[in-house]
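Throughout, protein chains are lettered first and strands after them, A, B, ... in sequence-line order, and every chain is numbered starting at 1.
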Protein chains: 2
Amino acid sequence: MPQKATSPKYVRLTGEERRARLIEAGLACMARGGIQEFTVDKICAEAGVSRGLIIHHFGSMNALLTAVYATMYDGSTKLSRELAPGETRLAALLDAFFAPEVFNRDAFNIWLTLWGQISINHDLKEEHRLQYAEYVRDVAEAIGEVAVESGRNVDADVLARSLVCLIDGLGIQHCIEPMSMHADDAKAACRSFLLPHLGSF
Amino acid sequence: MPQKATSPKYVRLTGEERRARLIEAGLACMARGGIQEFTVDKICAEAGVSRGLIIHHFGSMNALLTAVYATMYDGSTKLSRELAPGETRLAALLDAFFAPEVFNRDAFNIWLTLWGQISINHDLKEEHRLQYAEYVRDVAEAIGEVAVESGRNVDADVLARSLVCLIDGLGIQHCIEPMSMHADDAKAACRSFLLPHLGSF
DNA sequence: ACCACAACTATACGGTAGTTCAACAGAGAA
DNA sequence: TTCTCTGTTGAACTACCGTATAGTTGTGGT
């Protein structure tokens, strides 16, 4: 006996929302198996859609990869929040970096995969240039604020670049051997790195 | 007119030497194009041998990958040399890390690729466990020596772990944007990191 | 009710992945 | 020379890659 209203063959979304879901699926696959799992088959299966959709919405796998990279930056480095009274922007930034949503195995497995692609993928390199400069500038400004406040003379840019490298390295270590590098250890290492230059903040 | 001695159809090597050459070819491919270029076709073409040899000598591509990882450790972290009079082992270690043969784009492109594989590849994870612990221990001992000499009380293990992370992060940055992070900058960052804990060394 | 368009499916295509294997080539021993 | 290993080739195999495209489904405007 036929149903009056037949059940839909698929769930229809707006292009923008479908793109977001494909990016999420791509992130999940990449976290699970690096660039080898970042394939049309795996991502579409993860998202529960047919194989044609990635090309339809992004034009190419490379475009999806670039979108994934941009999404990682959005999620990890642009989480400015309200400062508590007396809290410096630098302290808030460090808290954000080592929050569980940002500092975790999956995330750094994805970062590791993406970094490995940057130097061999022109589009990704372009996207990186756009995002990274802004990221370091934010950190440098936060360091500069503390330096001014405490009347110390530091090269905020150099310090920021080193700090960012340290954070990356700590994240990698956490990714590879989580037990040997907890978020607290990592944050402490960063503070210990900054302390001699800025004092407590 | 036929030659008396026909030219050989291929160059015959001992198994060990062929393995070494395949590893070198694998490194070259990985430096060029990450894990995507680390394929049977590309590596055998690079080494100038037929496609069957990798399986014959290593049993699987995964075994070759593991051998490549071990080779990177041999080349980068086990280059102890004679100490100059009055030179600390820590200073020599830092010099070695930032020497051109170790601190360069190709090398860190390879490291990046390998690190991205560790958490998704069981064999590689095993190899990592063996190598990394020894590496950190060496650094920690070098730090400990300086600490004792200068009569300072530091946690050499914690310091070593952080230093190693910093070096990794600096290397990645150099790999992705060489102009923004020269070897000298990177070494200076490491010294600046250690200075408050150890004094000059 | 119909149309126009966007979202989506399904499949086909050429290329390339890692592995297997039977046959061949070279070098030293007998 | 002949035998015996080991190194080496190269084609065959199955599986999967990213892309292209023809056709179907759903939705909102008129």
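Rounded to an integer number of Å, the gap from CE of B:Met61 to P of C:dT20 is 13 Å. In this structure, CZ of A:Arg18 is placed 12 Å from C1' of C:dT9, rounded to the nearest angstrom. Remark: C1' of D:dT6 and CZ of B:Arg19 are 11 Å apart, rounded to the nearest angstrom. The interatomic distance linking A:Glu37 (CD) with C:dA17 (C1') rounds to 15 Å, in whole Å. Between B:Phe58 atom CZ and C:dT19 atom C1' the separation is 16 Å, expressed in whole Å. The distance between atom CG of A:Asp41 and atom P of C:dT11, rounded to the nearest whole Å, is 14 Å. Taking atom CD of B:Glu16 as the reference point, atom P of D:dT6 lies 16 Å away to the nearest angstrom. Atom CD1 in B:Ile55 sits roughly 16 Å away from atom P in D:dG7 (whole-Å rounding).
B:Arg51 contributes no side-chain N or O that forms a donor-acceptor pair with the base of C:dT16 under 3.5 Å. If you check distances only, the side chain of B:Arg12 does reach the base of D:dT6 with a donor-acceptor pair under 3.5 Å. The base of D:dG26 has none of its N or O atoms less than 3.5 Å from a complementary donor or acceptor on the side chain of A:Tyr10.
Checked by atom type, the side-chain pair B:Tyr132/A:Gln173 shows a donor-acceptor distance below 3.5 Å.
With ring centers used as reference points, B:Trp111 lies under 6.0 Å from B:Tyr73.
With hydrogens and angles ignored, the 3.5 Å screen pairs a side-chain donor or acceptor of B:Arg105 with a backbone N or O of B:Cys175.
In this structure, B:Phe38 reaches the sugar-phosphate backbone alone: every heavy-atom distance under 4.0 Å involves primed, P, OP1 or OP2 atoms, never a base. Heavy atoms of A:Leu13 sit under 4.0 angstrom from primed sugar atoms or phosphate atoms, though from no base atom. In this structure, B:His56 reaches the bases: a heavy-atom distance under 4.0 Å links it to at least one base atom across the strands shown.
Checked against D:dT25, C:dG18, D:dG10, the side chain of B:Ser50 finds its nearest nucleotide in D:dG10. Closest to the side chain of A:Leu53, from the set D:dG26, C:dT9, D:dG18, is C:dT9. Side-chain proximity of A:Ser60 to D:dT19, D:dT9, C:dA7: nearest is D:dT19.
Between B:Val40 and A:Val49, it is A:Val49 whose nearest contact on DNA chain C lies nearer the 5' terminus.
When every heavy atom of A:Phe98 is checked against every heavy atom of A:Ala186, the shortest pair comes out as CE2-CB, 3.4 Å.
One finds no salt bridge joining A:Lys42 and A:Glu46 here, because no Lys/Arg side-chain nitrogen approaches an Asp/Glu carboxylate oxygen to under 4.0 Å.
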